[in-house]
Amino acid sequence: MRPLRLLLVAFTLLTGCATIEPPQPDNDPYEHLNRDIFAFNEAIDQWGLEPVARGWNWLTPEVVQRGFVNFFNNLRLPIVLTNDILQGRPRWVAETIGRFQANTFLGFFGFWDIAADFGVPPHVQDSGLTLARAGIKPGPFLMAPVLGPTNLRDLLGFGIDTMLNIYPFFVNIPYVTITAGGIDIVNRRSRALDQVDEARRASVDFYSFVRNAYVQRRWREVVGEQPAGGAQAEDLYDVEIFEDQVEEGGDPGEPNAP
């Protein structure tokens with residue numbers, strides 16, 4: 001526990017004097033390598049993940065899909081709560097704890113987001129945002145294999161979130177955690193089928209589209225702008241990326257400053 005206490009003190013001190021750097025979609029010094037990885041990710045999606053997601057979408061009713069999203073979002077309690085505390089947000093801490101209790105005990109283990117129905121929606125929170133709000137710069141844009149668009153700061157944050165994940169604490173059976181993670185990814189991908197198809201068709205350069213939209217979305221989250229419903233996405237394709245960029249209009253291959 002001592003490293004966690006030191007981390008808490010460090011972030012508390014840093015956050016008090018943090019300055020947030022504006023978005024820089026063109027900070028892509030490894031673009032050639034990133035494009036190769038992006039092509040690899042696209043192949044995995046189009047030949048593997050997308051067909052499974054379409055089958056899942058055909059078999060699974062909307063209410064069940066939404067239930068799975070709620071369930072897995074509810075399991076993010078350690079990640080969201082830890083970062084709420086590190087950022088010194090007492091209101092969010094109280095909301096996170098209250099949401100978990102209400103959704104777990106009254107919302108069928110989280111499948112029903114009853115807290116949102118009573119006026120306490122979720123908020124986007126992760127370790128990448130904590131690092132950003134502590135004044136740590138994002139670094140160059142990166143396209144990570146399978147994980148998709150990120151940067152050095154968010155990649156570090158993802159590693160921290162992985163250690164905070166609730167699965168290892170309560171379920172120490174590898175095939176159970178792998179199966180649960182697979183269901184989450186397939187379910188979320190199935191809910192972004194139309195948005196991804198539209199983005200691919202509309203984009204002059206789909207790689208630039210994804211890169212610019214990711215950078216802009218993360219910037220808005222860092223400065224405190226929450227997406228509708230507090231959506232939290234962690235899959236290969238983030239539906240918020242495509243919805244935000246399409247709504248802004250213009251050439252999807254060009255960055256739009258917020």
Side-chain angles (χ1 to χ4, degrees), residues 7 11 14 18-50 76 79 83 86 124-165 181 184-185 188-189 192 195-196 199-200 203-223 225 227 231-246 248 251-258:
L7 188 62
F11 278 128
L14 284 171
T19 57
I20 301 175
E21 188 176 275
Q24 297 179 338
D26 59 346
N27 184 12
D28 190 4
Y30 311 111
E31 181 174 352
H32 182 74
L33 176 60
N34 285 336
R35 285 183 178 274
D36 289 342
I37 296 175
F38 181 72
F40 171 75
N41 289 347
E42 280 285 273
I44 290 178
D45 181 68
Q46 294 183 27
W47 294 99
L49 182 56
E50 182 179 342
R76 288 179 54 84
I79 297 172
N83 287 287
L86 289 174
V124 174
Q125 187 63 282
D126 57 58
S127 296
L129 294 180
T130 297
L131 294 171
R133 290 163 183 163
I136 297 177
K137 296 181 179 181
F141 176 81
L142 299 173
M143 185 64 65
V146 180
L147 295 178
T150 186
N151 54 52
L152 286 176
R153 182 186 63 206
D154 286 347
L155 194 59
L156 174 59
F158 176 79
I160 297 172
D161 288 343
T162 300
M163 293 186 290
L164 293 172
N165 200 306
D184 188 24
I185 291 173
R188 292 180 188 271
R189 179 64 179 91
Q195 290 87 346
V196 174
R200 282 173 174 157
S203 301
V204 176
D205 179 0
F206 191 41
Y207 167 81
S208 295
F209 181 102
V210 172
R211 178 193 64 192
N212 298 347
Y214 175 81
V215 171
Q216 292 174 39
R217 180 182 62 85
R218 287 299 282 177
W219 159 255
R220 291 198 295 269
E221 291 173 355
V222 168
V223 298
E225 181 179 333
Q232 182 92 41
E234 297 181 296
D235 52 329
L236 180 62
Y237 286 110
D238 179 354
V239 63
E240 292 292 332
I241 286 179
F242 306 107
E243 289 179 343
D244 292 347
Q245 191 79 350
V246 170
E248 288 174 0
D251 185 348
E254 295 296 328
N256 296 310

**Message:** So, taking the atom named CG in L49 and the one named CD in Q46, what distance separates them when rounded to the nearest 0.5 Å?
**Reply:** 11.0 Å

**Asked** Going by the side chain to side chain donor-acceptor pair (under 3.5 Å) test, which pairs reach into residues 141-150, not counting sequence neighbours?
**Response** none

**Request:** Could you tell me which non-hydrogen atom of P140 sits nearest to which non-hydrogen atom of L152, and how far apart they are?
**Result:** CD-CD1, 3.5 Å

**Request:** Please tell me if the side chains of S127 and R153 come closer than 4.5 Å, counting only heavy atoms from C-beta onward.
**Result:** no

**Request:** Can you spot which of I160, T162, L156, D154 makes a side-chain contact (heavy atoms from CB on, under 4.5 Å) with F158?
**Result:** T162

**Message:** What verdict does the side chain to side chain contact (heavy atoms under 4.5 Å, CB included) test give for L142 and I37, after you've listed the backbone C-alpha separation in whole Å, the side-chain angles of each residue and the deciding distance to 0.1 Å?
**Reply:** CA-CA 9 Å; L142 299 173; I37 296 175; over 6 Å; no

**Message:** Quick one, L33 and M143 - any side-chain contact, counting heavy atoms below 4.5 Å?
**Reply:** no

**Prompt:** Do L164 and R76 come close enough that some side-chain heavy atom pair is under 4.5 Å?
**Reply:** no

**Request:** Rounded to the nearest 0.5 Å, what's the gap from CG on N41 to OH on Y207? Could you check?
**Result:** 11.0 Å

**Side-chain ion pair, R189 and D45, N-O less than 4.0 Å** = yes

**Asked** Would you call D205 and R211 a salt bridge, taking side-chain N to carboxylate O under 4.0 Å as the test?
**Response** no

**Prompt:** Where the side chain of N34 meets the backbone of F141, is there a donor-acceptor pair that is under 3.5 Å apart?
**Reply:** yes

**Request:** Could you grab the distance from atom NZ of K137 to atom CG of N151, nearest 0.5 Å is fine?
**Result:** 13.5 Å

**Request:** Side-chain contact test, heavy atoms from C-beta onward, threshold under 4.5 Å: evaluate it for R217 versus Y214 and give yes or no.
**Result:** yes

**Asked** Quick one: CD on Q216 to CZ on R220, what's the gap to the nearest 0.5 Å?
**Response** 6.5 Å

**Message:** Under a 4.0 Å threshold between the charged nitrogen and the carboxylate oxygen, would R218 count as salt-bridged to D126?
**Reply:** yes

